[in-house]
There are 2 protein chains.
Amino acid sequence: MSLRIALLGMLAAGGPTSGYDLAKKFDGSLSHVWPARHSQIYPELAKLAADGHATVRDEGSRGRKLYELTPAGRDFLDEWLRSADPAPKVRSESSLRLFLLPLLPPEVAVPLLRAEASRYAEQARVLAAERDARQPPDTPGRNGWYAADLGVRNFTAIRDWATATADHIEALPRSGMDGKV
Amino acid sequence: MSLRIALLGMLAAGGPTSGYDLAKKFDGSLSHVWPARHSQIYPELAKLAADGHATVRDEGSRGRKLYELTPAGRDFLDEWLRSADPAPKVRSESSLRLFLLPLLPPEVAVPLLRAEASRYAEQARVLAAERDARQPPDTPGRNGWYAADLGVRNFTAIRDWATATADHIEALPRSGMDGKV
DNA sequence: AACCTCATGTAACGGGTTACATGATTTC
DNA sequence: GAAATCATGTAACCCGTTACATGAGGTT
């Protein structure tokens, strides 16, 4: 379901869009939330059209197809957004790694945590620049300012955790057990 | 790969464990990072044993099998933790929803954002209590304090975003366009 | 005896990734 | 005219979810 929602959302936010351009969004801002490849996007767009949630508005050059959201698609999207799933699923390989890094011996874990901290700081910096390039929206939902702001806050929180955790491990008295077990 | 890593990590952190008990962890703290069901865990544990990354140390009553990490499994885990993937994948249905909420008309979006803010505040509160019940570890990697702390920071960041976004939308001058487009 | 929890497994299906495949247009 | 980019699609495989299935041991 989520891929469908993400596609409808992009069509709602950006107007008529081709599969090719949607794929670029899924490789950019959306990649931090719900990544997808063109091989998945094209078939899903076809299903969207079959279900009446989108229509092909134009066929441009090179076989380019512009998909447009239908009222039914918009309703479907709105309904999904209104009804909160109490236990939505998260699957994050990066958090899994952060989760487990403290298992390594301190002299290995600390530098890795510091490296992660600066990677996330950098990602936050880049996203913040993107966010600030767009000015804060005066029509809500337009132009992805809020989405970028969410990303910045997430990256910053992770950077803070990595720094605090590295500091904390570093401050521990050395034991002989090397963090094994 | 990630399921395997998560299993090895849990075996590294908790010593010999049964599939049944591992499944409970994947339903608890790990559910925010890498959820998994027993139907996926049991076959993967069998593969782990087949690949020499874990062994069945004991068979208890009721067919209970205690899996133990082997040195090869530990090496495999360490190697994975040391080598950072520059673009690790995240898939989060909840963030997707937050991402798209500002598409709704302000009078709908603002209450939903406030509801999300209090849900995340509550989640942060619960996790913080769990974290503080365990004291900060004096052996790194033990007892999941760092993991819980990461969760708290994430939830808090999202709550802050939802609040700030609701405030921001609320402060906008009313336009006639209802956030559609 | 009935019921609950512990404990492990399998099978069918759906969603996602990687790789394969093709052709049109633009740029050098 | 060669190469890069635009643009769409399909197929095989892997991973994850839901549902089905079974039995042991403890509780009332």
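To find a chain, count down the sequence lines: A is the first, B the second, and so on, and within it residues start at 1.
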Closest non-hydrogen atoms of B/R82 and A/V108, given as atom of the first, atom of the second and distance, are NH1-CG1, 3.7 Å

Check: Between D/dG9 and A/Y42, is there an OP1 or OP2 to side-chain N/O distance shorter than 4.0 Å?
Finding: no

Rounded to whole Å, the CG-P distance (B/L7 to D/dG16) equals 11 Å

Is the distance from OP1 or OP2 of C/dC6 to the nearest side-chain N or O of B/Y20 less than 4.0 Å? yes

Strictly below 4.0 Å, N to O, side chains only: are B/E122 and B/R119 in salt-bridge contact? no

Separation of D/dG16 atom C1' from B/L45 atom CG, nearest Å, is 16 Å

Tightest non-hydrogen contact, residues A/W34 and B/S92, listed as CE3-N, 3.8 Å

Margin query: OP1 or OP2 of D/dG9 versus the side-chain N and O atoms of A/K65: is any pair under 4.0 Å?
Written below: yes

B/E59 CD to C/dA7 P, in whole Å, measures 13 Å

Atom CG of A/D21 and atom C1' of D/dT8 are separated, to the nearest Å, by 13 Å

Rounded to whole Å, CD1 of B/I41 lies from P of D/dC15 at a distance of 15 Å

| said: Using 30° and 60° as the class boundaries, would you call the ring planes of A/H168 and B/Y146 parallel, tilted or perpendicular? | reply: perpendicular

Between A/L96 and B/L30 the two heavy atoms that sit nearest each other are CD1-CD2, 4.2 Å

Run B/K25 and B/D21 through salt bridge (Lys or Arg N to Asp or Glu O under 4.0 Å) and show every step you take. CA-CA 7 Å; B/K25 293 197 181 191; B/D21 288 333; over 6 Å; no

To the nearest angstrom, the NZ-P distance between A/K24 and D/dT8 comes to 11 Å

Rounded to whole Å, the CD-P distance (B/E93 to C/dG16) equals 10 Å

Rounded to whole Å, CG of B/D58 lies from P of C/dT8 at a distance of 12 Å

Test salt bridge (Lys or Arg N to Asp or Glu O under 4.0 Å) on A/D85 and B/R97; report intermediate values, then the result.
CA-CA 10 Å; A/D85 179 347; B/R97 182 157 175 268; over 6 Å; no

Whether each nucleotide of nucleotides 17-25 of chain C has a protein heavy atom under 4.0 Å at its base (B), only at its sugar-phosphate (S) or at neither (-) is summarised, 5' to 3', as BBB----BB

